[in-house]
Amino acid sequence: MSSEENIKWINEQFKDTNELTMKTLEDDDKKAELFYIKPLINVELLQQIIIKPFFEMQSETKFIRYLKALPQFQDSKSQEQLKTEVLNGNVVLFIQNKFYLLDLKFSFNDQTNAASVETTIHGSQLALSDNIATNINIIRSDYHQPTLYVEYSTIGQVNNHKMAIIYDKEKVNKNALKLIMEKLQQVDKQVITSTVQLSNYINNKKLSLFPQLIMTERPDRIVYNLAGGKVIILVDGNPQALIAPVYFFDFMTSMEDNYHSFYISFFLKFLRYTGLFISLLLPGLYIGITSFAPEVFRTELALTIAGSRIGVPFSSFVEVLFMLFFMEMLLEASIRLPKSISATATTVGGLILGTAVTEASLASDIMVIIVSAVAISTFVIPINEMAFSIRVIRFIFILAATILGLAGLTLALYAMIMYLVSIDSFGEPYLKFNEKKTSKTKAGEEI
């Protein structure tokens with residue numbers, strides 16, 4: 001194509017936007033055409049790296065050699081790539097009947113964050129940024145291995161969001177990597193803007209009660225998982241990464257477990273698993289025992305519970321469902337309210353609700369204690385995705401206890417364990433516990 005045809009082609013591609021800037025640089029026998037979208041590029045870099053050197057160079061040939069030596073220079077393999085890169089904030093320079101591509105995009109979201117979701121007392125408080133290049137820089141700064149491999153791709157047919165798949169070539173689970181790549185290639189959604197969306201689309205079983213990937217904001221968690229042979233997925237514009245494959249035990253592990261002695265770490269894990277079983281089983285146990293088998297309690301305790309339920313017009317099932325429903329409403333309100341008032345509003349709301357329902361004899365005092373214990377126990381689960389799953393599964397256990405009592409609760413527990421045994425995460429058994437270690441961590445176990 002001639003130079004006029006090339007320029008005409010670019011103008012044709014962007015005829016529906018008024019933001020494409022075309023600038024002509026001329027000096028003696030030198031001439032170059034610049035194409036870019038001004039809001040997306042760093043104007044100062046454009047002046048320093050392209051415009052000023054153009055007028056200082058003696059010839060076009062020297063200027064082209066200079067462009068190719070720049071770290072911002074990129075090879076353009078096709079005209080379609082040029083169009084995509086301009087929309088991503090790159091500058092296209094047309095000189096001597098050839099296109100040259102330079103990455104001069106302006107980044108406003110490259111500042112690192114402080115960990116706000118996976119908080120710890122000890123260890124790093126650094127969290128990922130919204131900028132994918134910054135995130136890869138953070139990961140590479142903590143993982144000093146030449147085998148660390150980054151594959152770039154785009155996701156979303158309309159917005160063409162940049163995505164990176166990161167893994168250690170020597171340690172990665174090859175079978176899991178193959179399955180993840182196949183899943184990513186099958187994603188055909190028009191617009192994908194976040195890792196949460198992507199997680200839903202590549203999930204092995206979309207109707208699964210348990211999460212198939214971990215979403216994390218912590219670089220140290222990412223580094224431990226890379227060392228364990230797992231795959232990391234980053235999406236530009238998102239301060240969270242996806243980790244796959246995962247195991248059930250990964251969701252019950254905190255980064256702080258690495259910073260304490262064995263006994264303290266064991267005690268903290270014991271608290272988490274105890275909280276897991278309390279949040280799952282306690283409401284169902286209350287229904288099963290009070291409605292079907294009160295003889296399980298000691299006489300004094302049975303009389304205390306019966307006395308607290310005097311005047312309550314509902315069965316234990318309705319009582320539990322009523323209180324848990326409003327507890328879930330309070331939790332959701334605490335997320336949606338502005339941070340400045342969410343803690344106060346939900347605390348006051350919980351106190352008022354608890355006092356009001358007991359005084360109105362809509363629920364027993366014991367029920368308020370159980371709901372509070374369930375709420376506290378749910379919060380000890382380190383990964384939110386698992387905590388959300390437990391909150392849903394809890395209602396299944398309540399229904400089983402309401403229909404069949406303690407036998408139903410036992411059957412529901414067995415059914416959940418069998419379900420966990422039957423599912424996998426990208427070819428890896430969900431209840432797998434890998435004993436292979438890397439330094440002080442287990443390669444298959446997420447830290």
Side-chain angles (χ1 to χ4, degrees), residues 203 205-212 246-252 269-297 301-302 305-306 308-309 312 314-332 350 353-354 357 362-423 425 430-431:
N203 197 341
K205 298 178 180 178
K206 293 183 179 180
L207 299 180
S208 174
L209 290 172
F210 293 91
Q212 306 290 305
V246 294
Y247 313 115
F248 177 82
F249 306 104
D250 297 350
F251 295 94
M252 301 303 294
K269 286 186 179 181
F270 172 77
L271 287 180
R272 292 187 206 116
Y273 283 102
T274 302
L276 172 68
F277 283 105
I278 288 175
S279 61
L280 266 180
L281 301 177
L282 189 58
L285 280 173
Y286 175 78
I287 293 172
I289 293 176
T290 55
S291 299
F292 293 89
E295 66 275 5
V296 171
F297 289 136
L301 181 57
I305 294 174
S308 70
R309 298 198 75 251
V312 176
F314 308 118
S315 65
S316 57
F317 167 69
V318 176
E319 182 186 12
V320 168
L321 206 60
F322 174 79
M323 292 298 292
L324 284 180
F325 176 77
F326 279 100
M327 183 195 77
E328 296 292 339
M329 293 279 282
L330 279 172
L331 290 177
E332 189 66 16
L353 179 65
V357 295
L362 296 176
S364 63
D365 296 334
I366 297 293
M367 190 65 246
V368 175
I369 296 172
I370 288 174
V371 169
S372 301
V374 167
I376 293 169
S377 300
T378 305
F379 296 147
V380 303
I381 299 174
I383 305 296
N384 281 328
E385 286 82 4
M386 181 58 71
F388 288 136
S389 297
I390 296 302
R391 286 163 61 181
V392 174
I393 295 168
R394 182 163 58 217
F395 287 98
I396 299 175
F397 278 62
I398 289 171
L399 183 62
T402 302
I403 297 172
L404 297 173
L406 294 178
L409 188 64
T410 305
L411 287 173
L413 183 60
Y414 282 147
M416 187 189 79
I417 294 172
M418 287 189 292
Y419 176 72
L420 287 171
V421 170
S422 69
I423 62 177
S425 174
Y430 204 63
L431 287 184

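Hydrogens, waters and symmetry mates are skipped; everything else that's a heavy atom, side chains included, is used.
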* Looking at side-chain heavy atoms only, is the closest gap between Leu324 and Ile398 below 4.5 Å? -> yes
* Structure fact -> Shortest non-hydrogen pair, Ala400 vs Gly408, comes out as CB-O, 3.5 Å
* Asked: Would you say the side-chain atoms of Ser389 pair up with the backbone N or O of Leu209, donor to acceptor, closer than 3.5 Å?
  -> yes
* To do: Could you tell me how the ring of Phe248 sits relative to the ring of Phe210: parallel (under 30°), tilted (30 to 60°) or perpendicular (over 60°)?
  => perpendicular
* Asked: Atom CG of Leu321 and atom CG of Leu399: how far apart are they, to the nearest 0.5 Å?
  -> 9.5 Å
* To do: Check whether any side-chain heavy atom of Tyr286 sits under 4.5 Å from a side-chain heavy atom of Ser364, and report yes or no.
  => yes
* To do: Measure across Ser279 and Pro283 and return the closest heavy-atom pair with its distance rounded to 0.1 Å.
  => O-CD, 4.0 Å
* Structure fact -> One should read off an interatomic distance between Ile393 CD1 and Ile390 CD1, to the nearest 0.5 angstrom, of 5.0 Å
* **Side chains of Phe297 and Ile289 in contact at under 4.5 Å (non-hydrogen atoms)** => yes
* Could you tell me whether the side chain of Val320 reaches within less than 4.5 Å of the side chain of Thr402, counting heavy atoms only? => no
* Working to the nearest 0.5 Å, report the span between CG of Leu301 and CD1 of Ile366. => 7.0 Å
* To do: Answer whether the closest heavy-atom distance between the side chains of Phe325 and Phe395 falls below 4.5 Å.
  => no
* Structure fact -> On a heavy-atom basis, the closest approach of Val246 and Tyr430 is O-CD1, 4.0 Å
* State, yes or no, whether a side-chain contact exists between Leu331 and Arg391 at a heavy-atom distance under 4.5 Å. => yes
* **Sidechain-backbone polar pair: Ser425 side chain, Gln212 backbone, donor-acceptor under 3.5 Å** => yes
* Asked: If you round to the nearest 0.5 Å, how far is CG of Leu411 from CG of Leu406?
  -> 11.0 Å
* Rounded distance [0.5 Å steps], OH in Tyr247 versus CG in Leu420 -> 15.0 Å
* To do: Check whether any side-chain heavy atom of Ile370 sits under 4.5 Å from a side-chain heavy atom of Met367, and report yes or no.
  => yes
* Asked: Minimum heavy-atom separation for Phe314 to Arg309, with atom names?
  -> O-NH2, 2.7 Å
* To do: Report yes if the side chains of Leu413 and Leu409 come closer than 4.5 Å at any heavy-atom pair, otherwise no.
  => no
* Structure fact -> ring-ring contact (aromatic ring centres under 6.0 Å, His included) filter on Phe326, not counting sequence neighbours, yields Phe322
* To do: List in chain and number order the residues that pass side chain to side chain donor-acceptor pair (under 3.5 Å) with Ser291, two or more places apart in sequence or in another chain; answer none if no residue qualifies.
  => Ser316
* Contact summary for Phe249 and Leu431, nearest pair of heavy atoms -> CE1-O, 3.3 Å
Table please: side-chain donor-acceptor pairs of residues 374-384 below 3.5 Å, with sequence neighbours left out.
from: Ser377; atom 1: OG; to: Ala373; atom 2: O; distance (Å): 2.7
from: Thr378; atom 1: OG1; to: Val374; atom 2: O; distance (Å): 2.8
from: Thr378; atom 1: OG1; to: Arg394; atom 2: NH1; distance (Å): 3.1

